[in-house]
Amino acid sequence: MRELPKVYDPASVEKKVYDMWQKGGYFKGVIDPEKKPFSIVMPPPNVTGQLHMGHALDATLQDILIRYKRMQGYAALWLPGTDHAGIATQIKVEEELRKNEGLTRYDLGREKFLDRVWDWKNKYGDRIVEQQKVLGASCDWDRSSFTMDETRAKSVRETFCELYEKGLIYKGSRIINWCPKCRTALSDAEVEYKDMPGFFWHIRYPIEDSDEEFIIATTRPETMLGDSGVAVHPDDERYAHLVGKNAILPLVGRKLPIVADDYVELGFGTGAVKMTPCHDPNDYEVGLRHGLEQILVIDEDAKIINGGKYNGMDRYEARKAIVADLEEQGYLVKVEPYNHNVGCCYRCGTVVEPLTSPQWFVKMKPLAEAAIEVVKDGRIKFVPERFTKTYMNWMENVHDWCISRQLWWGHRIPAWYCDDCGEITVSRTDACECAHCGSRNIRQEEDVLDTWFSSALWPFSTMGWPEKTPELDYWYPTSVMVTGYDIIFFWVARMIFSGMEQMKEEPFRTVFIHGLVRDSQGRKMSKSLGNGIDPLEMAEKYGADALRFNLITGNSPGNDMRFYVEKCEAMRNFCNKIWNASRFVMMNLTVGDCRLPEKLETEDKWILSKLNQVIKEVCDNMDSFELGIAAGKIYDFIWDSYCDWYIELTKPRLNGEDAAAKESAQRVLLYVLTEILKLLHPFMPFITEEIWQALPHEGEALMIAEYPRFRQELCFPEDEVNFEMVMEAIKAVRARRAEMNVPPSRKSHLIIVTGKAKAFAEGEKFICKLAYASGIHVTDKLPESTEGMVSVITDNARMFMPMAELVDLEKERARMEKELANAKKQLDGQNAKLANENFVSRAPEHVVNLEREKKAKLEALIENLEDSLKKLG
RNA sequence: GGAGAAUUAGCUCAGCUGGUUAGAGCGCUCGCCUCACACGCGAGAGGUCAACGGUUCGAGUCCGCUAUUCUCCACCA
């Protein structure tokens, strides 16, 4: 047995233990028909990513689940990987290029630029993987995937082609969200709405051949250049006679058909709305209904086109110029401040420009059907359940998904345009000729796919689909998907319909949703605020185990949590507690046998019974994804039951002369400690493994040991009750002594009057040690006189300590009287409850019995107190 | 506009399907360097569980309503 330091030092342990696991090959998912499969695919972090607290939480939850199941004998697979993260990565490399060489991607050209991105990926892409290892992630690293590697590229192409062939992917000119800074289209999910201050400009729109006019308000006057109509509500009597006529667009002079459409809300504003089909999603729809002209006036750089004298101006510059001109020409009626929601790019924050543009789309309605069904009928469950509603609400209202991106970094869309016949050829292999006319005059689509398109396939692409692999056969559908609620629309929803469409089977059985890790003030951790706490720094300082425990205790599924460094400290202290308890066990160990002894003492049965309960509670909570509760139970058991009580209880035997008793104590200590380490291992893998390795053990590693199970033969309810009577007495004596400021060094004799003499007699050595008694006398008769004695009363015993000099008769009387009054009050309540006919007849029997017992106890207490008061003289 | 969450001790949070005197960590008070651990041990103080109403023998827990805070979705030009 080697000497262990007094303070646990995670830094010297974690790396070593992790390497040992890896060398042992314990992370590998092995297909075993004898075992039940359990699989998790990891949400792939971005290759550009640095591990943040969110990742740490995500990884910890998954690692706990996978280690738990692995120890329970499942064939566990945790499949890791990384995401190419289209925009994020491209921006990162472009920035570097600009900073270091003053070049843009256009200077390099597509191919050379992509070479650079791959270089970058190869250089830095594994950084986050290494960081996950620091946390103890037990992934099958050999099966690691990248969303743009060869296999995944195949999955993407296959999916794209299948969907295209089914008519579920189409190309068309639609209104989309355009980010002028990233210069790409975005999906609806990638637009974030922010409340921004702005203005309402009220503009006069004259009506052709009439003296009448509309006053039309807009927050974006520059879009008027693209106006092609004016809409009013069909029931709006003020304007009914104008429908069918034309309004005249100020500054431009264009005729604008006046149409009636119930998109216009009665009673809001002036009731007349300018229609700019090319730059507003609602106007676009209205325009389609009424055949309004589509006039694109803002281009991909957010500059004006088709706008006469304003051409070339930036959209905000044009706004100013147009407002000035309107004012000058008398069209501007008034300006009022107005706050409104503005769509912004989720990557760069730039205000998104809605514009019509030819893009590729996934037709969502048909796909959504199966995705709704599979959640509705419970094949996929959300934990916590409330997120089902979030999901359903979104899925039932989906719009077609714009999947083309005008980027270079990503899966290039496998479509070729024919210069001769103009048709599109979509192909699984790179096409050399047009599938329609055979022309070799074809060009591949320049656009790439939305990153989320490849992520959507993750649960099966990582297992090698479209090949029919044994992995898919064995581990698909996966067991659990662990992810944050912020990503339900981006990812979870898309994995579900993709899985249903491509695999005809749900991608996972359970979606386990967690919340966000916020700072101590409840703010989101972000780069711009600079309030992020680095998980690696925490792991280095307090240990990965402490960090993990911090992240999962004291919060419930789906809820946000605040991160406190102080809590890391507390958890580090817990590690130290376990460490020292283990040191104690090892220091006292003379045998290498970790089986339980034949003969068990009452205190042994007590701790074993407790352990058994904890095992059951932990497993129950794990199975219902209440990891925080499970961890809390283990914490309490270790600290309170094992350390504060059981270890103390073994000391008399360990320090005694009886060799057999000594050995039995050692063996129970070791047995329970080993069970504790197993229980705790999924949560704190490093320290538990390190200690386990140092203890006598069977098997190679704790991480592949069998998880504790509830064992009927180790339930000792009677001994438990008996022993807890003794514990209760000890606590009561300690409390009384503390109240009177008696130092532990001052021992006192103890007279115990009880009907349970046996239990107390057996507990003598503990009472002496832990209640600082010099000796005890157990009897069923009250002493003749209790004068000069301090009395302590518990449910099962009345105890007296002869400490005459400490007893202030008056104080003692007052204390007892207070206690008596309190007990009487409680008894009154109890009597009232039991006198209630309704309660007795309607409450379940065990509840009524409980109340009766309580009443009996109170009565006994009152009797004892009255008696003691009398004896006090 | 729609949906959801939160409101429990000074702080941060648990408390699952209603059933003893509502728990933990940190902080605080008192006493202890007790032969594993001062990153510790023992003992405490501190809560009309946001307000109101309801269901029930019984409500922190279920229902309704109100208030405050937060989040998501939709987006009235």
Side-chain angles (χ1 to χ4, degrees), chain A residues 4 6-8 193 200 216-220 223 231 263-265 267-276 280-283 286 338 340-341 343 384 386-387 389-390 392-394 397 485-486 488-489 515-516 520 522 542 546 550 553-556 558-564 566-567 569-588 620-621 624 626 628-629 632 635-636 643-644 647-648 651 654-655 731 734-739 741-745 769-770 772 822 826 830 833 836-844 846-848 850-851 853-854 857:
Chain A
L4 294 174
K6 251 172 114 164
V7 172
Y8 173 61
Y193 288 87
F200 243 157
I216 294 179
T218 179
T219 54
R220 303 199 52 200
T223 61
Y263 154 71
V264 179
E265 199 178 317
F268 181 83
T270 59
V273 186
K274 66 195 249 338
M275 288 294 119
T276 321
D280 182 285
N282 293 307
D283 295 6
V286 176
Y338 186 74
H340 59 149
N341 274 330
R386 64 174 186 271
F387 290 104
K389 210 165 175 178
T390 313
M392 285 295 190
N393 186 41
W394 189 81
N397 297 295
Y485 61 69
D486 51 332
I488 291 176
F489 308 130
L516 263 38
S520 60
Y542 301 103
N550 180 350
T553 48
N555 79 310
S556 49
N559 286 355
D560 290 354
M561 61 176 300
R562 299 188 190 202
F563 191 92
Y564 281 86
E566 295 89 323
K567 199 172 159 196
E569 244 173 79
M571 295 308 147
R572 184 229 19 217
N573 294 352
F574 178 54
C575 289
N576 205 239
K577 189 75 187 171
I578 300 163
W579 184 254
N580 277 291
S582 307
R583 269 181 68 227
F584 174 81
V585 173
M586 282 184 233
M587 283 159 56
N588 284 289
D620 286 350
N621 281 295
S624 55
E626 291 282 359
I629 294 178
Y635 180 99
D636 290 342
C643 293
D644 286 348
I647 283 186
E648 294 307 321
K651 284 178 180 173
L654 292 173
N655 299 330
K731 281 191 230 179
R734 278 178 185 164
R736 285 290 279 133
R737 292 176 56 108
E739 198 182 318
N741 278 322
V742 188
S745 53
K769 180 173 161 52
L770 301 174
Y772 318 105
N822 189 27
Q826 276 190 50
Q830 213 56 32
K833 202 172 205 177
N836 184 340
E837 201 45 51
N838 276 326
F839 173 71
V840 180
S841 59
R842 294 196 201 189
H846 73 273
V847 174
V848 178
L850 226 59
E851 296 299 330
E853 268 173 46
K854 202 172 134 189
K857 274 184 190 171

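Throughout, a chain's letter reflects where its sequence line sits, starting with A, and its residues are numbered from 1.
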In whole angstroms, how far is the [atom2] atom of [N] from the [atom1] atom of [X]?
X: A/E626; N: B/A14; atom1: CD; atom2: C1'; answer: 10 Å
X: A/R734; N: B/U34; atom1: CZ; atom2: C1'; answer: 11 Å
X: A/F574; N: B/C26; atom1: CZ; atom2: P; answer: 12 Å
X: A/F563; N: B/C26; atom1: CZ; atom2: C1'; answer: 14 Å
X: A/R737; N: B/C41; atom1: CZ; atom2: C1'; answer: 15 Å
X: A/M392; N: B/C73; atom1: CE; atom2: P; answer: 18 Å
X: A/W579; N: B/C39; atom1: CH2; atom2: P; answer: 17 Å
X: A/E648; N: B/U34; atom1: CD; atom2: C1'; answer: 8 Å

N or O in side chain of [X] less than 4.0 angstrom from [N] OP1/OP2:
X: A/K6; N: B/G40; answer: no
X: A/R386; N: B/G4; answer: no
X: A/R572; N: B/C39; answer: no
X: A/T218; N: B/A77; answer: no
X: A/N573; N: B/G40; answer: yes
X: A/R562; N: B/C13; answer: yes
X: A/K651; N: B/A36; answer: yes
X: A/N559; N: B/A14; answer: yes
X: A/K389; N: B/A3; answer: no
X: A/Y8; N: B/C37; answer: no

If I pick the [atom1] atom on [M] and the same atom on [N], what distance separates them, to the nearest angstrom?
N: B/U8; M: B/U69; atom1: C1'; result: 16 Å
N: B/C26; M: B/U66; atom1: C1'; result: 34 Å
N: B/C70; M: B/C63; atom1: P; result: 25 Å
N: B/A24; M: B/A14; atom1: P; result: 16 Å
N: B/G58; M: B/U21; atom1: P; result: 15 Å
N: B/A43; M: B/G4; atom1: P; result: 46 Å
N: B/U29; M: B/G46; atom1: C1'; result: 11 Å
N: B/C28; M: B/G15; atom1: P; result: 27 Å

Quick check: does any side chain N or O of [X] sit under 3.5 Å from a backbone N or O of [Y], one acting as donor and the other as acceptor?
X: A/K567; Y: A/T553; answer: yes
X: A/D560; Y: A/G515; answer: no
X: A/Y485; Y: A/G558; answer: no
X: A/N576; Y: A/R572; answer: no

Counting only side-chain heavy atoms from C-beta out, which of [options] sits nearest to [X]?
X: A/A843; options: B/A77, B/G19, B/G25; result: B/G19
X: A/V7; options: B/C11, B/G15, B/C39; result: B/C39
X: A/K854; options: B/U21, B/A43, B/A77; result: B/U21
X: A/A738; options: B/A36, B/U12, B/A43; result: B/A43
X: A/T219; options: B/A77, B/G42, B/C39; result: B/A77
X: A/E265; options: B/A74, B/A77, B/C72; result: B/A77
X: A/S556; options: B/C37, B/G19, B/G15; result: B/G15
X: A/Y193; options: B/C75, B/C37, B/G15; result: B/C75
X: A/Y485; options: B/C39, B/U71, B/A36; result: B/U71
X: A/F839; options: B/A36, B/G19, B/G25; result: B/G19

Heavy atoms only: give me the nearest [X]-[Y] pair and the separation to one decimal.
X: A/A581; Y: A/I647; result: CB-CD1, 3.8 Å
X: A/N550; Y: A/M571; result: N-CG, 3.8 Å
X: A/A546; Y: A/C575; result: N-SG, 4.3 Å

With heavy atoms under 4.0 Å as the rule, sort [X] into base, sugar-phosphate or nothing.
X: A/Y338; answer: sugar-phosphate
X: A/N836; answer: sugar-phosphate
X: A/G554; answer: sugar-phosphate
X: A/P281; answer: nothing
X: A/C643; answer: base
X: A/Y635; answer: sugar-phosphate
X: A/A735; answer: sugar-phosphate
X: A/F268; answer: base
X: A/V840; answer: nothing

Check: A/N393 side chain, B/C73 base, donor-acceptor under 3.5 Å: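 Answer no: no donor N or O sits under 3.5 Å from an acceptor.
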No-H, no-angle donor-acceptor pair, A/K577 side chain to B/C37 base, under 3.5 Å: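 When only heavy-atom distances are counted, A/K577 does reach the base of B/C37 through a donor-acceptor pair under 3.5 Å.
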Watson-Crick or G-U pairs under 3.5 Å in RNA chain B, rendered as dot-bracket with [ ] for crossing pairs and | for another strand: (((((((..((((.....[...)))).(((((.......))))).....(.(((..]....))).))))))))....
Atom NZ of A/K651: over 12 foreign heavy atoms under 6.0 Å: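 Atom NZ in A/K651 is crowded, with more than 12 foreign heavy atoms closer than 6.0 Å.
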Residue whose closest nucleotide on RNA chain B lies nearer the 5' end, A/D644 versus A/K769: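 Going by which nucleotide is closer to the 5' end, it is A/K769.
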Gap separating the CG atom of A/N573 from the OH atom of A/Y8, nearest 0.5 angstrom: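 One gets 13.5 Å once the value is rounded to the nearest 0.5 Å.
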A/Y635 and A/F574 aromatic ring geometry - parallel, tilted or perpendicular at 30°/60° bounds: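 The arrangement is tilted - the two ring planes meet at 30° to 60°.
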pair A/W394-A/I488: side-chain heavy atoms closer than 4.5 Å: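 Not touching, per the 4.5 Å side-chain cut-off.
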Steps toward side-chain contact (heavy atoms from CB on, under 4.5 Å) verdict (A/R734, A/Y772): CA-CA 8 Å; A/R734 278 178 185 164; A/Y772 318 105; 4.2 Å; yes
